[in-house]
Amino acid sequence: MTTPPVAVADVRTVCCAGTGVIGGGWAAYFLAHGYDVVAWDPAPGAEERLRHLVDAAWPALTELGLSEGADRSRLTLEPDLATALAGAEFVQESAPEDLDLKRRLLADIDAAAPEGIVISSSTSGYGMSEMYTSCQNPERLVVGHPFNPPYLIPLVEVVGGEKTSAEVVAWTSDFFRHAGKSVITMEREVPGFIANRLQEALWREALHMVAAGEATVEQIDLSITDGPGLRWPVQGPMLTFHLAGGQGGMAHMLDHFGPSLKSPWTRLIAAELTPELRDAVVAGCDREAHGRTIDDLVAERDAGVIAVLRALGRT
Ligand SMILES: NC(=O)c1ccc[n+]([C@@H]2O[C@H](COP(=O)([O-])OP(=O)(O)OC[C@H]3O[C@@H](n4cnc5c(N)ncnc54)[C@H](O)[C@@H]3O)[C@@H](O)[C@H]2O)c1
């Protein structure tokens, strides 16, 4: 098996295995997008917690716009995993972040799920290569890493293990896009994927600063909510620094501030700013700008930051 048996647009039933914060958020998302959701979670009281989570998410999902046919009554809970999987055309596993548990659970899901359908894991940091070790069909297992709450934050990072088939990675990316998600398809496994690696760098530095008495918890939060955080919904850290270089863009920014990489501004060891790295970053910004001039990007950033400030009632 390489290509999943169901076309992306024909998926009707999603199985959510594990329905805590993330699995419950996925269930709400898929229901709002018109899917049937069959949920399974072995914990006592899981059904009540899941229905509460879906009910709490529904007003936000309604405000964003429900898909045709979207209905909370299309959620069913099954006490038996094999029964929950029987009619599924896609599986999203969101069990606790415990490697042994994931290994056992994914093997059980793989053994019981209909032939060829894709099994995706919400894991925050394990590579699929270390999780599918007991699975009979590793080619159909893939990471689909969401962000909390999955019913609101668009991004999903999709990455396979060494034995995951390329078709499954492509199918999963297409499926999430079809279901309305923003998808990053990663070429290879990287611990923490992309977004968690970036978040983690900031998080670790923040903890160092508190531990060393360099900043308070409140100062750290304010430094982001009233500083760089306001730009990031509009432009990511790369384009943000592209504009920090004025009309010279990223090339000027790197030539101007490159020497700061040698200063002790963070506990992270800085990458060596080789000519190759410099050129790769400059070229990436040019690709991302896609013909927009620095003036265009400045105007977009300014409009975006004003929109965010207005939305937050802070103008
Ligand atoms: N919380 C986040 O911000 C976040 C973000 C992205 C990804 N994730 C990932 O999502 C996954 C779930 O995390 P969470 O925050 O929802 O945890 P959680 O503790 O809220 O939920 C875990 C759920 O799994 C259930 N469970 C326990 N044992 C199980 C088993 N053997 N099989 C199936 N389900 C079982 C629990 O009853 C619970 O409902 C983890 O892999 C985590 O790394 C979490």
Side-chain angles (χ1 to χ4, degrees), residues 14-31 37-57 60 75-86 88 90-113 119-135 141-161 172 176 179 181-184 186 189-204 206:
V14 173
C15 175
C16 291
T19 58
V21 174
I22 294 301
W26 272 123
Y29 183 81
F30 285 122
L31 287 167
V37 174
V38 184
W40 172 80
D41 189 302
E47 171 159 6
E48 196 187 339
R49 284 193 294 278
L50 173 58
R51 292 203 184 275
H52 175 79
L53 194 155
V54 171
D55 285 345
L75 170 65
T76 50
L77 282 100
E78 282 292 345
D80 175 59
L81 176 61
T83 313
L85 291 164
F90 175 76
V91 183
Q92 185 71 31
E93 171 275 314
S94 310
E97 190 78 347
D98 170 323
L99 187 54
D100 283 341
L101 186 155
K102 296 261 196 213
R103 281 181 174 154
R104 276 184 273 116
L105 176 61
L106 290 173
D108 288 348
I109 294 174
D110 181 38
I119 301 163
S120 163
S121 173
S122 295
T123 180
S124 297
Y126 296 127
M128 188 42 85
S129 296
E130 53 184 342
M131 291 194 293
Y132 60 29
T133 47
S134 303
C135 295
L141 282 108
V142 65
V143 169
H145 172 235
F147 293 81
N148 191 42
Y151 61 85
L152 280 186
I153 307 291
L155 187 62
V156 184
E157 294 174 311
V158 175
V159 55
T172 309
F176 280 129
K181 287 289 186 186
S182 167
V183 177
I184 291 178
M186 295 178 62
E189 291 182 298
V190 174
F193 317 119
I194 296 174
N196 270 357
R197 243 187 132 91
L198 293 169
Q199 283 199 128
E200 190 70 13
L202 190 63
W203 174 232
R204 290 185 188 189

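Whatever order the structure lists ligands and atoms in, that order sets their numbers, starting from 1. Hydrogens, waters and symmetry mates play no part in the numbers below; they use all other heavy atoms, side chains included.
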### Task
Answer whether the closest heavy-atom distance between the side chains of Arg104 and Asp100 falls below 4.5 Å.
yes
### Message
If I take atom CD from residue Glu93 and atom NZ from residue Lys102, how far apart are they, to the nearest 0.5 angstrom?
### Response
3.5 Å
### Message
For Phe176 together with Phe90, are the ring centres under 6.0 Å from each other?
### Response
yes
### Query
Just checking, any donor-acceptor pair under 3.5 angstrom between side chains of Thr133 and Arg103?
yes
### Query
Angle class for the Phe30/Trp26 ring planes (parallel below 30°, perpendicular above 60°, tilted otherwise)?
parallel
List, pair by pair, the atoms of ligand 1 and of the protein that are both N or O and lie under 3.5 Å apart, giving the separation rounded to 0.1 Å.
unit_1, atom_1, unit_2, atom_2, d
ligand 1, 8 (N), Ser124, OG, 3.1
ligand 1, 16 (O), Val21, N, 3.3
ligand 1, 16 (O), Ile22, N, 2.8
ligand 1, 20 (O), Val21, N, 3.0
ligand 1, 37 (O), Asp41, OD1, 2.7
ligand 1, 37 (O), Asp41, OD2, 3.3
ligand 1, 39 (O), Gly20, N, 3.3
ligand 1, 39 (O), Asp41, OD2, 2.6
ligand 1, 41 (O), Ala95, O, 3.3
ligand 1, 41 (O), Glu97, OE1, 2.6
ligand 1, 41 (O), Lys102, NZ, 2.7
ligand 1, 43 (O), Glu97, OE1, 2.8
ligand 1, 43 (O), Ser124, N, 3.2
ligand 1, 43 (O), Ser124, OG, 2.6

### Task
Answer yes or no: is there a donor N or O on one side and an acceptor on the other, between the side chain of Glu200 and the main chain of Gly192, under 3.5 Å?
no
